[in-house]
Amino acid sequence: MSTNLRGKVIALTGGGGGMGIETAKMLAARGAKVSMADVKATDTVMRAVADEITQAGGTAMVTVVDVRDRASVDAWIEKTVVAFGKLDGAANLAGILPKNFHTSKETIEEQDDAEWDRVLGVNLTGVMYSMRAEVKHMNDGGSIVNASSIAGLMGTPKNMSYGASKFGVVGLTKCAAVDLGPSRSIRVNCIAPGTIRTPMYGQVIKARGDEIPMTQQIKRDGRPDEIASLCCWLLCNESSYITGQVHNICGGYIC
Ligand SMILES: NC(=O)c1ccc[n+]([C@@H]2O[C@H](COP(=O)([O-])OP(=O)(O)OC[C@H]3O[C@@H](n4cnc5c(N)ncnc54)[C@H](O)[C@@H]3O)[C@@H](O)[C@H]2O)c1
């Protein structure tokens with residue numbers, strides 16, 4: 001078992017989701033103490049994951065947080081630092097697809113206002129709220145990973161709010177890396193997954209169909225543990241000279 005995160009304290013949003021669960025488990029297996037956050041609907045799942053981590057000898061805590069609510073995010077990070085004594089890193093993975101994903105209500109002609117606000121609220125403002133709270137308490141030399149998407153690097157059809165939010169995450173990541181590197185040696189990176197088999201995947205497949213795109217080089221969908229590996233690497237010291245980058249993890253969909 002790798003121990004390259006031993007002693008680190010890592011905060012993680014989207015802790016009840018597909019990527020969040022695998023990332024929390026892998027972080028804990030490599031020696032990190034993990035503080036997981038997610039909305040109410042997934043707190044039972046998250047608690048079960050935390051129990052599993054604890055039973056395996058790891059350390060995890062769970063908090064119900066809506067990343068759109070600044071006070072809730074700030075309180076979670078403060079609680080984490082009180083419980084674990086410090087903060088070394090964060091994985092901001094909470095995110096949603098629009099309800100109208102792949103319909104005309106996600107085109108520029110007909111964009112639905114409420115969904116625009118909801119998706120940008122979670123995927124973009126939520127990441128900003130999370131990073132702001134985390135950085136306030138993070139040790140110099142820390143590391144942050146944010147979830148963008150290949151939809152944050154290229155235009156995708158009928159996907160306005162999601163695409164805009166994920167391009168925004170790339171911008172947040174790069175600006176924060178520029179601000180935090182020189183002054184505090186905090187690294188900030190984002191990941192750009194392709195299609196990964198998580199609960200979000202069902203909604204994607206409904207729109208895309210089951211077929212793997214011709215332009216994808218590895219002819220299968222990705223697994224959440226493959227995302228977890230990348231997040232763990234970006235959060236540990238083995239990636240110490242990497243900041244402000246977008247890390248595509250898409251089976252070569254974008255080459
Ligand atoms: N699965 C994919 O194919 C894919 C591809 C590219 C990018 N992503 C991104 O990766 C990240 C993780 O996605 P996933 O596949 O694990 O999805 P998922 O739906 O399994 O997990 C996302 C989690 O975010 C949580 N969440 C939603 N709104 C929240 C809020 N307001 N506050 C706190 N938590 C909230 C959900 O409850 C859920 O547990 C997301 O940001 C997603 O946009 C996913």
Side-chain angles (χ1 to χ4, degrees), residues 11-26 35-49 62-73 75-77 90-99 101-102 115 117-131 133 145-154 156 159 161-170 172-173 190-208 212-213 216 220-228 230-231 246-251 253-254:
L12 178 144
T13 69
M19 295 184 195
I21 290 171
E22 291 306 315
T23 304
K25 285 188 196 170
M26 199 177 285
S35 177
M36 304 161 72
D38 207 311
V39 286
K40 180 100 186 102
T42 56
D43 62 336
T44 316
V45 179
M46 224 179 11
R47 269 177 235 289
V49 174
V62 162
T63 309
V64 172
V65 174
D66 184 334
V67 294
R68 290 172 296 179
D69 174 6
R70 178 181 181 169
S72 146
V73 173
W76 162 55
I77 293 298
N92 299 312
L93 304 179
I96 51 172
L97 277 175
K99 288 183 191 133
F101 176 65
H102 219 66
E115 274 303 275
D117 289 346
R118 193 174 73 95
V119 172
L120 272 286
V122 175
N123 293 2
L124 185 58
T125 309
V127 172
M128 186 276 282
Y129 283 175
S130 301
M131 278 206 291
V145 182
N146 298 320
S148 180
S149 165
I150 53 169
L153 300 174
M154 57 188 273
T156 46
N159 199 20
S161 62
Y162 188 81
S165 71
K166 294 302 184 180
F167 268 85
V169 170
V170 173
L172 277 180
T173 299
C190 65
I191 58 168
T195 306
I196 312 298
R197 284 187 179 261
T198 67
M200 188 179 275
Y201 173 87
Q203 218 182 325
V204 175
I205 290 308
K206 231 167 48 189
R208 184 198 75 180
I212 303 294
Q216 191 168 308
R220 63 170 173 82
D221 294 313
R223 300 187 311 266
D225 64 286
E226 293 172 314
I227 301 294
L230 178 57
C231 290
V246 183
H247 301 268
N248 293 9
I249 174 159
C250 60
Y253 184 85
I254 298 179

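Numbering of ligands and ligand atoms starts at 1, following listing order.
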Using heavy atoms and a threshold below 4.0 Å, how should the contact between A192 and ligand 1 be classified: side chain, backbone, both, or neither?
neither
Just verifying a value: how many Å separate I150 CD1 and I249 CD1, rounded to the nearest 0.5 Å?
11.5 Å
Close N or O approach (L93, ligand 1; < 3.5 Å):
yes
Is it the side chain (CB and beyond), the backbone, both or neither of T13 that lies under 4.0 Å from ligand 1, heavy atoms counted?
neither
Are S148 and L153 close enough, and set up right, to give a side-chain contact (heavy atoms from CB on, under 4.5 Å), and what steps lead you there?
CA-CA 9 Å; S148 180; L153 300 174; 5.6 Å; no
Any nitrogen or oxygen of V204 lying under 3.5 Å from a nitrogen or oxygen in ligand 1? Just yes or no.
no
Please indicate whether any nitrogen or oxygen in V67 is less than 3.5 Å from any nitrogen or oxygen in ligand 1.
yes
I'd like to check whether N123 has a polar contact with ligand 1, where a contact means an N/O of the residue lying under 3.5 Å from an N/O of the ligand.
no
Taking OH in Y253 as the centre, count heavy atoms belonging to other residues, nucleotides or ligands within less than 6.0 Å. Is the count above 12?
no
Short N or O distance, G14 and ligand 1, threshold 3.5 Å exclusive:
no
Give, for atom CG of N123 and atom CG of N92, the distance between the pair rounded to the nearest 0.5 Å.
12.0 Å
Nearest heavy-atom approach of G15 to M36 is O-CE, 3.3 Å
Check each atom of ligand 1 against the heavy atoms of T195 and keep those under 4.0 Å away; list them by number with element.
3 (O)
Are any of the N or O atoms of V122 closer than 3.5 Å to those of ligand 1?
no
Do you know which two heavy atoms are closest between V122 and G95, and how far apart they sit?
CG1-CA, 4.0 Å
Atom 5 (C) of ligand 1 [closest protein heavy-atom partner, distance rounded to 0.1 Å]:
G194 O, 2.9 Å
Let me confirm one number: the CG-CD distance from L97 to Q203, rounded to the nearest 0.5 Å.
4.5 Å
Starting from atom 15 (O) of ligand 1, what is the nearest protein heavy atom, named by residue and atom, and what distance separates them?
T198 OG1, 2.5 Å
Counting non-hydrogen protein atoms only, what is the nearest one to atom 43 (O) of ligand 1? Give residue, atom name and distance.
Y162 OH, 2.6 Å
Atom 4 (C) of ligand 1: which protein heavy atom is closest, and how many Å away?
M19 CE, 3.6 Å
Residue, atom name and distance, where the atom is the protein heavy atom closest to atom 6 (C) of ligand 1
P193 O, 3.3 Å
Y201, any N or O under 3.5 Å of ligand 1 N or O:
no
Per-atom contacts, ligand 1 versus V65 - under 4.0 Å to a heavy atom:
32 (N), 33 (C)
Verify side-chain contact (heavy atoms from CB on, under 4.5 Å) between T13 and V65, making sure each step is shown before the conclusion.
CA-CA 8 Å; T13 69; V65 174; over 6 Å; no
Could you measure the distance from the OG1 atom of T173 to the CE atom of M131? Nearest 0.5 Å is fine.
5.5 Å
Show the numbers, then the answer: is there a side-chain contact (heavy atoms from CB on, under 4.5 Å) between E22 and I227?
CA-CA 8 Å; E22 291 306 315; I227 301 294; over 6 Å; no
Distance to 0.1 Å, residue and atom name: give those for the protein heavy atom nearest to atom 17 (O) of ligand 1.
M200 CB, 3.5 Å
Proximal atoms of ligand 1 relative to A147 (non-hydrogen, under 4.0 Å)
10 (O), 11 (C), 41 (O)
Counting only heavy atoms, which portion of K166 has something under 4.0 Å from ligand 1: side chain, backbone, both, or neither?
side chain
Would you mind listing which atoms of ligand 1 come within a distance below 4.0 Å of any non-hydrogen atom of I96?
27 (C), 28 (N)
Which atoms form the tightest heavy-atom contact between P193 and C250, and what is the distance?
C-CB, 4.4 Å
Between M46 and T63, which heavy-atom pair has the shortest distance, and what is it?
CE-O, 3.6 Å
Atoms of ligand 1, numbered as shown, that sit under 4.0 Å from any heavy atom of P199
20 (O)
Any chance you could measure I205, atom CD1, to M200, atom CE, to the nearest 0.5 Å?
13.0 Å
Atom 21 (O) of ligand 1 - nearest protein heavy atom and its distance
G17 CA, 3.3 Å
Find the distance between CG (N146) and SG (C231) and round it off to the nearest 0.5 Å.
10.0 Å
Contact partition for D66 relative to ligand 1, non-hydrogen atoms under 4.0 Å:
both
Working note: I196 + Y201, criterion side-chain contact (heavy atoms from CB on, under 4.5 Å); need CA distance, chi angles, decisive distance, verdict.
CA-CA 6 Å; I196 312 298; Y201 173 87; over 6 Å; no
Between V39 and ligand 1, which residue portion shows a heavy-atom distance shorter than 4.0 Å: side chain, backbone, both, or neither?
both
Is S148 close enough to touch ligand 1? Criterion: a residue heavy atom under 4.0 Å from a ligand atom.
yes
Shortest non-hydrogen contact from N159 to A151?
ND2-CB, 3.9 Å
State whether the shortest distance between N or O atoms of D38 and N or O atoms of ligand 1 falls below 3.5 angstrom.
yes
Need the ligand 1 atom indices (1-based, order shown) with element for anything under 4.0 Å from a heavy-atom of T42.
37 (O), 39 (O)
Give the residue and atom name of whichever protein heavy atom lies nearest to atom 22 (C) of ligand 1, and the separation in Å to one decimal.
G95 O, 3.6 Å
